[in-house]
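Chain letters run A, B, ... following the sequence lines, proteins first, then strands; residues in each count from 1.
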Amino acid sequence: MNFNYNYAPTPAPWCGYTNSVSLPNIPHCWHHSYNPACFCGGWECCPEQYSQYYSHYSAPYPNTDAMKRRSENSNNVEEPAKKTFWAAGLLAAMEDPQCIVKQDDKIVIIQDKYPKAEFHYLVLPREDISSINKLNREHLPLLEHMEAVGQEIAKEHPNHKFQFGYHALASMIRLHLHVISDDFNSLSLKTKKHWNSFTTSFFISSQDLIEIIKRDGKAKEISRSHAKELMDTPLKCHKCKMMLSNMPKLKQHLLVHRLKEKHATEK
DNA sequence: GTTCTAGAAC
DNA sequence: GTTCTAGAAC
């Protein structure tokens with residue numbers, strides 16, 4: 001992965017090491033639980049500091065070179081960049097063979113690191129498109145292709161229904177199409193925000209986005225305040241519209257549908 | 001995006 | 001007292 005200054009990776013705040021030259025090749029994907037874009041290399045560079053913040057993890061080995069660099073730079077600590085590093089996690093993941101499920105010359109498909117359902121893929125264009133804001137009519141063939149490969153991978157799970165769509169205000173850099181099974185059976189599905197991001201109008205179906213681009217020639221991310229309104233929507237089952245008062249109850253309720261569908265497919 | 005946790009809700 | 005979540009920190 002080549003370093004791209006547009007994404008302004010942030011040195012870990014506790015690490016004094018700053019580097020104004022260039023970032024070496026990034027050998028790891030974000031699955032290795034540290035900031036792949038950090039100048040200091042993430043927590044491997046600062047094991048003692050890392051364990052201070054995250055005592056339940058332990059550093060694999062002390063990186064003495066990095067500690068020395070940090071010491072040399074200790075009087076020259078730059079303010080961390082505003083753009084937070086985690087937002088660039090997808091860029092690292094789509095470069096890592098371990099993360100890639102499928103790819104072609106236009107797109108890369110990865111598994112969501114924190115799947116919100118039994119199957120949850122992300123289709124990312126190789127073209128540097130940061131978000132739906134950057135789309136225009138020239139991207140229509142790409143958007144159609146992204147959905148087509150998404151449909152293809154969904155077909156590998158014939159007992160599951162899938163949703164294909166984009167978040168109206170995405171957190172991660174690089175346009176990504178969610179391909180997610182509608183069971184929403186996952187330990188990583190925890191919060192109201194998770195739920196509402198897939199079951200309210202915050203989730204723009206792939207077909208809808210394509211129609212919007214065809215019609216208007218562009219699409220616009222929603223405002224933070226509108227996003228918050230949608231995230232605060234009361235919890236409602238996406239299948240039977242039943243209202244649930246909290247996430248544990250909602251997740252328990254989802255079991256009803258899972259059992260019902262399991263029964264139906266076994267008939 | 002996730003983790004963590006204070007304090008709200010029960 | 002326990003469960004749950006919102007918001008800050010990362």
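For the pair W195(A) CH2 and dG1(B) P, the interatomic distance rounds to 16 Å; values are reported in whole Å. For the pair L235(A) CG and dA6(C) P, the computed distance is 9 Å after rounding to whole Å. The nearest whole Å value for the distance from the NE2 atom in H120(A) to the P atom in dG1(B) is 8 Å. With rounding to whole Å, H194(A) atom NE2 is found 9 Å from dT3(B) atom P. Rounded to an integer number of Å, the gap from K190(A) NZ to dG7(C) C1' is 16 Å. Per the geometry, CE belonging to M172(A) stands 5 Å off C1' belonging to dG1(B), to the nearest Å. The NZ-P distance, from K113(A) to dT2(B), rounds to 9 Å in whole Å. The distance from atom CG of D112(A) to atom C1' of dG1(B) is 9 Å, rounded to the nearest whole Å.
Taking the six-membered ring where the residue is Trp, H238(A) and W195(A) present perpendicular rings, their angle passing 60° and hence far from 30°.
The side chain to side chain contact (heavy atoms under 4.5 Å, CB included) test with N196(A) is passed by exactly one of K192(A), K193(A), H194(A): K192(A).
Picking from dA6(C), dC4(C), dG1(B) the nucleotide with the shortest atom distance to the side chain of H178(A) gives dG1(B). The side chain of H167(A) lies closest to dG1(B), out of dG1(B), dA6(C), dC4(C). Checking dG1(B), dA6(C), dC4(C) against the side-chain heavy atoms of N246(A) singles out dC4(C) as nearest. With dT5(C), dC10(C), dG7(C) as the candidates, the nucleotide lying closest to the side chain of P248(A) is dT5(C). Among dT2(B), dA6(C), dT3(B), the nucleotide with an atom closest to any side-chain atom of K192(A) is dA6(C).
Other residues, nucleotides and ligands place more than 12 heavy atoms under 6.0 Å from the CD atom of Q151(A). Residue-environment remark: NZ (K241(A)) exceeds the threshold of 12 foreign heavy atoms within 6.0 Å.
Nucleic acid contact class of K193(A) (heavy atoms, under 4.0 Å, all strands): none. Within 4.0 Å (heavy atoms only), H176(A) reaches no atom of the nucleic acid at all. Using a 4.0 Å heavy-atom criterion, one finds that K116(A) contacts the sugar-phosphate atoms exclusively.
Remark: K249(A) is not in phosphate contact with dC4(C), judged by side-chain N or O atoms under 4.0 Å from OP1 or OP2.
Between F202(A) and H226(A), the ring centre distance reaches or exceeds 6.0 Å.
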